[in-house]
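One-based numbering along the sequence shown. Counting convention: from 1, in listed order, for ligands and their atoms alike.
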Amino acid sequence: MPEIKNSFRPAWIEINLTQLRKNFELITRNMPAGLKFISVIKDQAYGHGAIEVAKIALEFGATYLAVATIDEALELRKNFSTAPIMIFGERTEEELRLVLDYDFTCCINDIQKANMLANLVTDLNKRPTIHIKINTGMNRYGMRFENAIEVIEHISKMKQLNLEGVMSHFAMSDELDKSFALTQLERFQKVLDEMKHKNIKITYRHICNSGGFLDLPQTHFDMARIGILPLGIYPSKVCRRISGLQPIMSVKCKIAAICDLEIGDYVGYGMHYKAESPRRIAVLPIGYGDGYPRVRNKGSVLIHGQRAPIIGGNAMDATIVYITDILQTELWDEAILMGKQENEEIDVHEIAQLQNSVSYDILTGWSSRLPRVYKNK
Ligand SMILES: Cc1ncc(COP(=O)(O)O)c(C=O)c1O
């Protein structure tokens with residue numbers, strides 16, 4: 001059998017690395033002097049490719065690359081032997097051994113985990129770097145703010161661990177109502193004040209995600225953790241804009257079949273669309289198995305710069321669109337499911353609305369069977 005090198009599938013994701021560089025440049029220029037950033041590239045940089053995004057993040061001076069699982073961290077380590085890598089979330093004891101072996105920085109959420117990690121340290125010249133997570137209201141990971149100081153003080157004295165940072169995470173930083181974010185800030189600040197009072201010194205204090213970075217400059221502290229923003233996507237409709245920032249991902253395919261419907265014909269599983277007049281339709285070789293929401297007579301794609309509505313229920317591998325009005329359409333013409341064509345654009349937020357979800361869900365939901373094509377590597 002001949003060697004199979006690339007995907008030849010006529011459905012793919014294009015990632016514009018020139019625009020990614022531009023986005024990082026715009027964001028870093030927008031940062032106040034001295035503010036550092038963590039490039040959050042978990043879940044393959046939200047579906048864009050962790051390695052490709054990491055390379056560019058490091059070019060622009062990322063202090064850390066951050067992921068959520070040990071496997072993601074190991075993949076990064078294989079490609080970046082010396083880059084600082086942080087793992088969010090909670091670790092098992094087995095994972096903590098790998099944290100030590102591969103020099104990852106991990107988040108510590110309680111005293112038990114600090115003890116467990118300290119007990120694994122056999123060489124004080126190889127102390128693991130840790131950031132303590134404070135739960136200021138997200139109620140996911142971290143130690144509660146009211147009684148964190150005693151644990152922080154205890155951990156700061158553990159000679160096996162290198163306490164480098166203290167962090168928290170916003171539950172809502174990108175909406176107009178900032179009241180809870182400000183409550184979280186107050187709680188975080190209280191812990192930091194107590195640390196100062198006890199003369200506990202750390203290098204990095206951080207609480208901001210993209211929303212906090214954009215809208216809450218008073219919460220920047222030493223470092224911002226930004227994931228979605230460099231991808232050219234705003235975390236919400238209402239947060240501050242940075243002029244020139246553009247999405248870097250487009251989802252494309254080629255029309256695999258064109259058919260003519262007669263009056264009374266149905267389209268697709270479940271017979272959700274019935275032609276009331278003669279109509280022309282195009283079949284796209286991409287479906288909900290690729291990560292597009294499962295829809296019925298909802299959503300559209302771009303063909304020749306015009307919107308072609310999706311008709312019927314899309315299938316795992318196929319989506320059918322109405323093209324009667326786009327007369328010039330031919331077999332194997334390009335269709336855009338997400339992205340720009342001529343003067344039209346379908347953005348990730350529009351697709352997210354089809355299933356009452358958010359942009360993060362759509363970005364990470366594009367399946368790995370869609371090949372990623374990197375432009376301008
Ligand atoms: C702990 C933590 N910090 C930062 C981020 C980055 O958030 P965003 O992509 O909104 O910048 C995330 C992402 O969910 C996160 O879990």
Looking only at N/O atoms, are K133 and ligand 1 under 3.5 Å apart anywhere? no
Between H304 and E342, do the side chains contain an N or O donor and an N or O acceptor separated by less than 3.5 Å? no
Quick note on ligand 1: atoms under 4.0 Å from a heavy atom of K42 include exactly 12 (C), 13 (C), 14 (O), 15 (C), 16 (O)
Before signing off on this row, confirm whether I228 and ligand 1 have an N or O atom pair separated by under 3.5 Å. yes
Kindly identify the option in Y46, Y360, F37 whose heavy atom sits closest to atom 6 (C) of ligand 1. Y46
May I ask you to test the R21-F60 pair for a side-chain heavy-atom distance under 4.5 Å? yes
Check: F213 ring centroid to H206 ring centroid under 6.0 Å: no
List the closest protein heavy-atom neighbour of atom 11 (O) of ligand 1: residue, atom name, distance to the nearest 0.1 Å. S210 OG, 2.5 Å
Could you check if a side-chain atom of D43 sits within less than 4.5 angstrom of a side-chain atom of T69, using non-hydrogen atoms only? no
What is the nearest protein non-hydrogen atom to atom 3 (N) of ligand 1, stated with its residue, atom name and distance? R225 NE, 2.8 Å
For the ring pair F221 and F188, is the centre-to-centre distance below 6.0 Å? yes
Ignoring hydrogens and geometry, is there a side-chain-to-backbone donor-acceptor pair from S173 to G212 under 3.5 Å? yes
Is it the side chain, the backbone, both or neither of R140 that has a heavy atom closer than 4.0 Å to ligand 1? side chain
Min heavy-atom dist M167 to ligand 1 below 4.0 Å: no
For I226, counting its heavy atoms only, list the atoms of ligand 1 lying under 4.0 Å from any of them. 11 (O)
If you measure from each non-hydrogen atom of P235 to ligand 1, which part falls under 4.0 Å: side chain, backbone, both or neither? neither
Side chains of N135 and K133: donor-acceptor distance under 3.5 Å anywhere? no
Under 4.0 Å, heavy atoms only, figure out whether ligand 1 is touched by the backbone of H169, its side chain, both or neither. side chain
Residue and atom name of the nearest protein heavy atom (relative to atom 7 (O) of ligand 1), distance in Å to one decimal: N209 CB, 3.5 Å
Heavy-atom side-chain contact between L363 and V348 under 4.5 Å: yes
Residues joined to I311 in its hydrophobic cluster, side chain to side chain under 4.5 Å directly or through other members, sorted by chain and number, are L261, V267, Y273, I281, V283, I320, Y322
Which of the atoms in ligand 1, numbered in the order shown and given with their element, are less than 4.0 Å from a heavy-atom of G227? 6 (C), 8 (P), 9 (O), 11 (O)
Ignoring angles and geometry beyond distance, decide whether L229 reaches within less than 3.5 Å of ligand 1 through its nitrogen or oxygen atoms. no
